[in-house]
Amino acid sequence: MHDRTFTFMGGEVGAWDVTDMATIVGESLPSVPHVEFLRGVESASDSRSWVLRGVTSNQRYVTRAEQEELVAIQPTLGRAESTRAALIPIRKTDEWWRLSQDERRQIFEEQSRHIVTGMRYLPAIARQLHHCRDLGEPFDFLTWFEYEPEHQAAFDELVHALRATEEWTYVDREIDIRLTRGSARS
Ligand code: HEM
């Protein structure tokens with residue numbers, strides 16, 4: 001079976017070097033020099049300071065038209081020249097989770113323009129969304145992005161724009177971890 005579980009481990013070892021780690025809101029995560037990003041379930045070990053797990057899942061909010069647009073332009077992960085990455089674990093408030101699906105969609109897209117805004121940054125930014133709310137994890141989402149060094153400023157602009165939206169008033173824990181690796185993929 002195709003494994004939809006992904007594990008992120010922060011610690012002394014890992015293919016990605018941490019260049020910056022900022023707590024945007026809520027409780028921080030211990031600072032680490034490296035992050036490993038693997039498909040499947042990995043257990044914690046002494047060299048890991050934290051282990052976060054999530055699963056890729058079906059989409060919740062996109063309309064058919066948006067899905068078609070996304071599929072047409074979104075790149076896949078693992079492009080050799082994408083030597084920069086961001087791991088941004090996010091938790092949303094209880095208030096968010098008490099909303100109905102149609103209320104959440106209203107805030108997410110009609111008010112906050114998450115998809116319209118994000119789409120402007122494709123195909124420069126490759127993304128993968130992992131869900132973890134139902135796994136008993138400390139975050140609801142582990143968001144992962146890969147891009148070339150020359151798109152760093154564009155990515156910063158996108159993150160800044162999203163954090164100013166109505167959707168982000170429902171975010172109560174967010175850590176922004178920036179990463180880099182050599183272009184020879186391990
Ligand atoms: C690169 C451009 C981006 C695009 C095209 C994009 C697009 C999307 C789409 C289509 C979804 C909805 C998936 C669904 O229907 O379930 C989504 C969800 C999400 N995105 Fe983005 N996104 C982008 C960037 C970002 C960034 C930079 C962040 C974090 C700083 C982020 C955080 C999230 C989160 C947390 C969710 C889950 C929201 C929820 O289910 O409540 N996205 N994104």
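The analysis underlying the following values was restricted to heavy atoms, covering all of them including side chains, and did not include hydrogens, waters or symmetry mates. We count ligands from 1, going down the list as the structure has it; atoms in each ligand are counted the same way. Along the sequence shown, residues are numbered consecutively beginning with 1. Owing to the predicted nature of the structure, the values given are computational and were not obtained by experimental measurement.
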Could you list the donor-acceptor pairs under 3.5 angstrom formed between side-chain atoms of residues 65-72 and any protein atom two or more places apart in sequence or on another chain?
from, atom 1, to, atom 2, distance (Å)
E66, OE1, T63, N, 2.9
E66, OE1, T63, OG1, 3.3
E66, OE1, R105, NH1, 2.9
E66, OE2, R105, NH1, 3.4
E66, OE2, R105, NH2, 3.0

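- Closest to atom 4 (C) of ligand 1, if we only count protein heavy atoms, is R127 CD, 3.4 Å.
- Among all protein heavy atoms, the one lying closest to atom 1 (C) of ligand 1 is L158 CD2, 3.6 Å.
- By the 3.5 Å distance cut-off applied to N or O atoms, Y61 is counted among the residues near ligand 1.
- The distance from ligand 1 to the heavy atoms of K92 drops below 4.0 Å at these ligand atoms: 38 (C), 39 (C), 41 (O).
- Side chain to side chain, E109 and Y61 fail the donor-acceptor criterion of an N or O pair below 3.5 Å.
- Between R91 and E174, none of the side-chain N atoms (NZ, or NE/NH1/NH2) sits under 4.0 Å from a carboxylate O, so this pair counts as no salt bridge.
- Proximity of a side-chain donor or acceptor of R39 to a complementary backbone N or O of D3 within less than 3.5 Å is detected.
- In the vicinity of I125, heavy-atom distances shorter than 4.0 Å reach the ligand 1 atoms 1 (C).
- Numbered from 1 in the order shown, with element, the atoms of ligand 1 that lie under 4.0 Å from a heavy atom of F141 read 35 (C), 37 (C), 38 (C), 39 (C), 40 (O), 41 (O).
- Applying the 4.0 Å criterion to heavy atoms of W96 picks out, from ligand 1, the atoms 41 (O).
- For ligand 1 and I115, the ligand atoms under 4.0 Å from any heavy atom of the residue are 10 (C).
- Residue contacts with ligand 1 for W168 involve side-chain atoms from C-beta outward but no N, CA, C or O (heavy atoms, distance under 4.0 Å).
- Short contacts between ligand 1 and M119, defined as distances under 4.0 Å to a heavy atom of the residue, involve ligand atoms 5 (C).
- Residue W97 places every heavy atom at 4.0 Å or more from ligand 1.
- Heavy-atom minimum distance, P149 versus E81: CD-O, 4.0 Å.
- Residue contacts with ligand 1 for V62 involve both N, CA, C or O and side-chain atoms from C-beta outward (heavy atoms, distance under 4.0 Å).
- Nearest residue to atom 20 (N) of ligand 1 from R60, H114, R104 is H114 (criterion: closest heavy atom).
- Judged by distance alone, the side chain of R60 and the main-chain N or O of N58 form a donor-acceptor pair under 3.5 Å.
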Pairs under 3.5 angstrom only: tabulate donor-acceptor contacts from the side chains of residues 133-141 to other protein residues two or more places apart or in another chain.
from, atom 1, to, atom 2, distance (Å)
E137, OE1, R53, N, 3.1
D140, OD2, K92, N, 2.8
D140, OD2, W97, NE1, 2.9

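- Aromatic ring orientation, F108 versus H114: parallel (interplanar angle below 30°, classes split at 30° and 60°).
- Listed by number with element, the atoms of ligand 1 under 4.0 angstrom from any heavy atom of I88 are 30 (C).
- Y121 does not count as a contact of ligand 1, since none of its heavy atoms falls under 4.0 Å from the ligand.
- Ligand 1 places these atoms under 4.0 Å from at least one heavy atom of Q59: 14 (C), 15 (O), 16 (O).
- For D176 and R178, the salt-bridge test passes: some basic side-chain N is under 4.0 Å from an acidic carboxylate O.
- Considering each of F145, W144, F108, the one bringing a non-hydrogen atom nearest atom 24 (C) of ligand 1 is F145.
- Geometrically, ligand 1 and R163 share no nitrogen or oxygen pair separated by less than 3.5 Å.
- Without hydrogens or angle criteria, R181 side chain to S82 main chain gives a donor-acceptor distance under 3.5 Å.
- Closest heavy-atom approach to atom 13 (C) of ligand 1 within the set L70, L129, I73: this belongs to L129.
- Side-chain contact check for E36 and H34: no donor-acceptor pair (N or O, by modelled atom type) lies under 3.5 Å.
- In plain terms, the two heavy atoms of A126 and T76 that are nearest each other are CB-O, 3.7 Å.
- The nearest heavy-atom contact from the protein to atom 2 (C) of ligand 1 is G118 O, 3.3 Å.
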